[in-house]
Chemist: 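My structure is below; once you've seen it, I'll send some questions.
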Amino acid sequence: MDNSPTEAEQYERIRTRVFRSSDEAVRVVAASIARLIRERQEEGRNAVLGLATGSTPLKLYRELIRLHREEGLSFRSVVTFNLDEYYGLPPQHPESYRQFMEVQLFKHVDIPTANIHVPDGMVSRLGVFEYCLEYERKIGDAGGVDVQLLGIGRTGHIGFNEPGSAIESRTRMVALDRLTRRDAARDFRGEANVPEYAITMGVGTILQARELTLLAWGESKASILRAAIEGSQTDTVPASFLQRHSNCRCYIDEAAASELTRFRSPWKVGPVEWAPPTVRKAVVSLASDLKKAVLRLRDEDYAENGLAPLLVETGSTYSLNIRIFNELQHTITGWPGGKPNADDSNRPVPAEPAQKRVLVFGPEPLDAELGMAGTLHRLVRHQHDVTFAYVTSGNLGVPDNEARMAISLLNELSVNGPGDTRGNNRLEQLAQELEQKAPFDEDSPGLRQFKGLIRKAEARASCQVLGLDVSKVLFLDLPFYELGRYRQFKTSDQDVSAIRDLCQRIQPHQIYVTGSGAEPSSVSGISFRLVAAAFEAWSAEAWMKGCQIWLYPSSERPWTTHEIDMAVPLSPAELAVKLDCLYHHRSQRSQTPFSETQSGESWQQAEHNNRATAQYYDRLGLPEYEAMESFRRHKESELRPASIASS
Ligand code: GLP
């Protein structure tokens, strides 16, 4: 590839290729790895690969396995070095990176065991330093790493090089960042069970590889990628040090690229087509940057900020400002199910039918409540026929202590009551299992089911606060989740048909869902793709044609103002109802104390986001509300059900 960036890439300090989907990207990366392996084989030499874990490289490993099975790619002459390993986990542990690599790649190809290197998480504390030196020596003895694969963590870490890691750091033991441990909490069923330390190759070790390949998918990686690719080099974002490497490439999908300047503000890097969404984005960004109301923007504001071409295109500042102001105003509605008997030509939701069938999908309990409890409350009060479907039980997110508390409560009851010994036996078994569990042990199916019941009880209580009819609160318990583990879920036809049949049975006028097709294996990403697949299946049905799909945001990635198609204001009293609803999900309380930079509880984050959305509208010159929930309209054409079976 030519090394000079194009005009559009002028802000990017690492060469970045953006693909429509992760499937396309991994095919390109796998083909180049296969080429390297074959070339080396012809020369009678080994290919040395640096490997990464996490959900990001999963599809790449699947593609390499396919090349092995279907196109005869042999791994006999491949030597591998993994980036990192949790400290304290034995190699057989299901969450150890060694085990991850076995299951996801090694056992499916013909790589000799002696060629595999993953740091040993069980090496004694006193021996760690020597062990790490030895790991580096082995890399050197193998001739150095040819291609190092990398993912990126939300802290900007590569491997486990957390913020603060020096550019010259080598393989060593590190303490994990709080955000990283929180992200891993689901894998380990509670933050308290996540190892506190890890062994990782250093930034300096990584930079010595001859070629670096960073992969990233989904919106959740967009802002940290912008910092790594366009920001200055700093140890607060260790991935930014990749800018130093002359042969580093990022392979990312459109969702992960969305914060790069060429997508975020394309007018800054060359001529653009002024389609209506781009115009709104430009005007709203300009007003926010200048901290001005839209109607107060002047000619010189546009001209001094590279937006003169927009004025040429659209005529006068005055009419442009009015147009965008009106567009924003029309997104606001207190009638998320449509306002009966009103002129709906400028409203986000049609007036007819007055009573709508509404289907809300919550990937796990609490997700939909965080995103749209206030709107749910309104839909119920406005007498719409609301069905709330929890796609999964969320049992993997229940800490052991919550289960202990529930057992103790039930025990009290049976001791004082007539005493159902059968029930008691089961409780005893569960109590014993909890007692005997080692820190990183898996839960038995029975314990998982029990934990699921805890979440269902919380969910029912929270739905009651919103006035939902309990018989309309459904728990789908989809098998991909009940039988799976975090970051490695696999969907089957059963999952697809459960969602498809539900949609067909309800024939909703509105569907509310969260997540995006680009997220590799998060529960919300899978739920989204299942809904997309159902839409594909029913696209010819009459009810589908009139059905609106609304996307509510996650707490981590609230919608920015220009993206919002419907904003539902919440009064102070409605916000209080929402918080009351959220508090019922007590098993989801954060297990670590707050810090100044990271808001602790998810409901604090949701409240903050809803207040912030209202403030943005206010600053743009629109009415001032206490808080607002926000939604993006999803058009049928934007739903990409691609590769649902291989999630
Ligand atoms: C862990 C790994 C990293 C990985 C990161 C992102 O922290 N040590 O190597 O890049 O997770 O994980 P995911 O790919 O699941 O987003």
Side-chain angles (χ1 to χ4, degrees), residues 51-59 61 82-105 118-119 121-122 151-155 157 159-160 162 174-200 217-218 220-221 363-367 392-403 437-445 447-448 451-452 455 480-491 515 519-527 554 556 587-588 590-592 602 647:
L51 299 179
T53 51
S55 48
T56 307
L58 282 176
K59 279 186 179 171
Y61 294 150
N82 261 81
L83 281 169
D84 47 10
E85 177 61 285
Y86 288 112
Y87 187 70
L89 290 198
Q92 318 74 13
H93 187 278
E95 289 305 333
S96 78
Y97 284 167
R98 172 69 198 221
Q99 192 61 21
F100 175 99
M101 290 307 305
E102 286 296 332
V103 173
Q104 302 300 334
L105 180 66
V118 181
M122 295 305 280
I152 183 168
R154 282 203 297 148
T155 59
H157 69 224
F160 269 134
E162 298 286 17
V174 290
L176 298 182
D177 187 278
R178 230 190 63 175
L179 186 57
T180 302
R181 293 189 68 228
R182 188 179 288 186
D183 281 348
R186 293 298 168 84
D187 307 341
F188 287 91
R189 291 161 310 284
E191 210 167 311
N193 298 330
V194 181
E196 289 179 39
Y197 297 94
I199 294 178
T200 182
W217 330 123
S220 63
K221 299 289 167 79
E364 289 175 72
L366 189 58
D367 294 335
T392 73
S393 69
N395 60 23
L396 290 167
V398 178
D400 289 347
N401 255 343
E402 290 294 324
K437 253 177 73 172
F440 305 127
D441 273 359
E442 295 266 273
D443 289 350
S444 69
L447 186 52
R448 273 187 77 167
K451 287 182 167 182
R455 290 206 76 176
F480 84 83
Y481 184 95
E482 297 305 313
L483 305 172
R485 49 191 318 116
Y486 271 94
R487 303 201 227 205
Q488 299 176 39
F489 295 118
K490 279 208 168 80
T491 47
E519 292 165 27
S521 60
S522 69
V523 180
S524 61
I526 293 173
S527 305
S554 70
E556 291 87 42
S587 70
Q588 299 308 294
S590 152
Q591 290 158 46
T592 44
S602 52
S647 344

Chemist: With a 4.5 Å cut-off on side-chain heavy atoms, are T180 and E162 touching?
Modeler: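 Yes; the side chains approach each other to less than 4.5 Å.
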
Chemist: Quick check for you: to the nearest 0.5 Å, what is the distance between L396 atom CG and E364 atom CD?
Modeler: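 With rounding to 0.5 Å, CG (L396) is 7.5 Å from CD (E364).
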
Chemist: Please report the interatomic distance OG1(T155) to CG(D183), rounded to the nearest 0.5 Å.
Modeler: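 With rounding to 0.5 Å, OG1 (T155) is 8.5 Å from CG (D183).
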
Chemist: Report the C-alpha separation of R181 and E196 in whole Å, then their side-chain angles, then the decisive distance to 0.1 Å, and conclude whether the side-chain contact (heavy atoms from CB on, under 4.5 Å) test is met.
Modeler: CA-CA 8 Å; R181 293 189 68 228; E196 289 179 39; 3.7 Å; yes

Chemist: If every non-hydrogen atom of D177 is compared with every non-hydrogen atom of L179, which pair is closest and at what distance?
Modeler: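 Residues D177 and L179, closest heavy atoms: OD1-N, 2.8 Å.
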
Chemist: Which value, rounded to the nearest 0.5 Å, describes the distance between Y61 atom OH and F100 atom CZ?
Modeler: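 Separation between the atoms: 6.5 Å.
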
Chemist: Considering all heavy atoms of both residues, which atom of A52 and which atom of G151 are nearest to each other, and what is their separation?
Modeler: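 Heavy atoms only, the tightest pair is CB-N, 4.3 Å.
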
Chemist: Does a side-chain heavy-atom distance below 4.5 Å link N82 with P119?
Modeler: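 Side chain of N82 against side chain of P119, heavy atoms only: contact under 4.5 Å found.
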
Chemist: May I ask you to check whether Y87 and F160 place their ring centers less than 6.0 Å from one another?
Modeler: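 They do not qualify: ring centres at least 6.0 Å apart.
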
Chemist: Do H93 and P90 have side chains that approach each other closer than 4.5 Å (heavy atoms only, starting at C-beta)?
Modeler: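 They are in contact (side-chain heavy atoms under 4.5 Å apart), so the answer is yes.
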
Chemist: Side chains of Q588 and S602: do they bring a donor and an acceptor to under 3.5 Å?
Modeler: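 The criterion, which ignores hydrogens and geometry beyond distance, is not satisfied for S602 and Q588.
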
Chemist: Can you tell me how far OG1 of T53 sits from CG of D84, rounded to the nearest 0.5 angstrom?
Modeler: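 The CG atom of D84 sits 5.0 Å away from the OG1 atom of T53.
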
Chemist: Can you tell if the side chain of P363 reaches within under 4.5 Å of the side chain of Y481, non-hydrogen atoms only?
Modeler: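 Counting from C-beta outward, P363 and Y481 never come under 4.5 Å.
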
Chemist: May I ask you to decide if P365's main-chain N or O and R455's side chain share a donor-acceptor pair within less than 3.5 Å?
Modeler: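 Yes: the side chain of R455 pairs with the backbone of P365.
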
Chemist: Using modelled atom types and a 3.5 Å cut-off, is there a donor and acceptor pairing between side-chain atoms of N395 and backbone atoms of R448?
Modeler: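 The answer is yes, because a donor-acceptor pair under 3.5 Å joins these two groups.
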
Chemist: Which pair of heavy atoms, one from W217 and one from T56, lies closest together, and at what distance?
Modeler: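 Taking W217 first and T56 second, the nearest heavy atoms are NE1-O, 2.9 Å.
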
Chemist: So, S527 side chain and V523 main chain: donor-acceptor pair closer than 3.5 Å or not?
Modeler: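 Side chain of S527 to backbone of V523, a donor-acceptor pair under 3.5 Å: yes, one is there.
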
Chemist: Looking only at heavy atoms, which two atoms of S587 and P399 are closest? And how far apart?
Modeler: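 Heavy atoms only, the tightest pair is O-CD, 3.6 Å.
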
Chemist: For residues E519 and S524, determine if any side-chain heavy atom of one lies less than 4.5 Å from a side-chain heavy atom of the other.
Modeler: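 Result yes, sub-4.5 Å side-chain heavy-atom pair found.
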
Chemist: So D443 and D400, do their side chains get closer than 4.5 Å, heavy atoms only?
Modeler: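 Sidechains of D443 and D400: in contact.
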
Chemist: Spell out, as yes or no, whether a donor-acceptor pair under 3.5 Å connects the side chain of E556 to the backbone of S220.
Modeler: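 Looks like no, no N/O pair under 3.5 Å.
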
Chemist: Under the 3.5 angstrom rule, does the side chain of E85 hit a backbone N or O of Y97 as a donor-acceptor pair?
Modeler: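 Flag set: sc E85 to bb Y97 pair under 3.5 Å.
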
Chemist: Roughly how far, to the nearest 0.5 Å, is CG of L89 from CD1 of I199?
Modeler: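 The CD1 atom of I199 sits 11.0 Å away from the CG atom of L89.
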
Chemist: Evaluate L105 against L51 for side-chain contact (heavy atoms from CB on, under 4.5 Å), listing each step before the verdict.
Modeler: CA-CA 10 Å; L105 180 66; L51 299 179; 4.1 Å; yes

Chemist: Quick check for you: to the nearest 0.5 Å, what is the distance between H157 atom NE2 and T200 atom OG1?
Modeler: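 Here the interatomic distance stands at 8.5 Å.
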
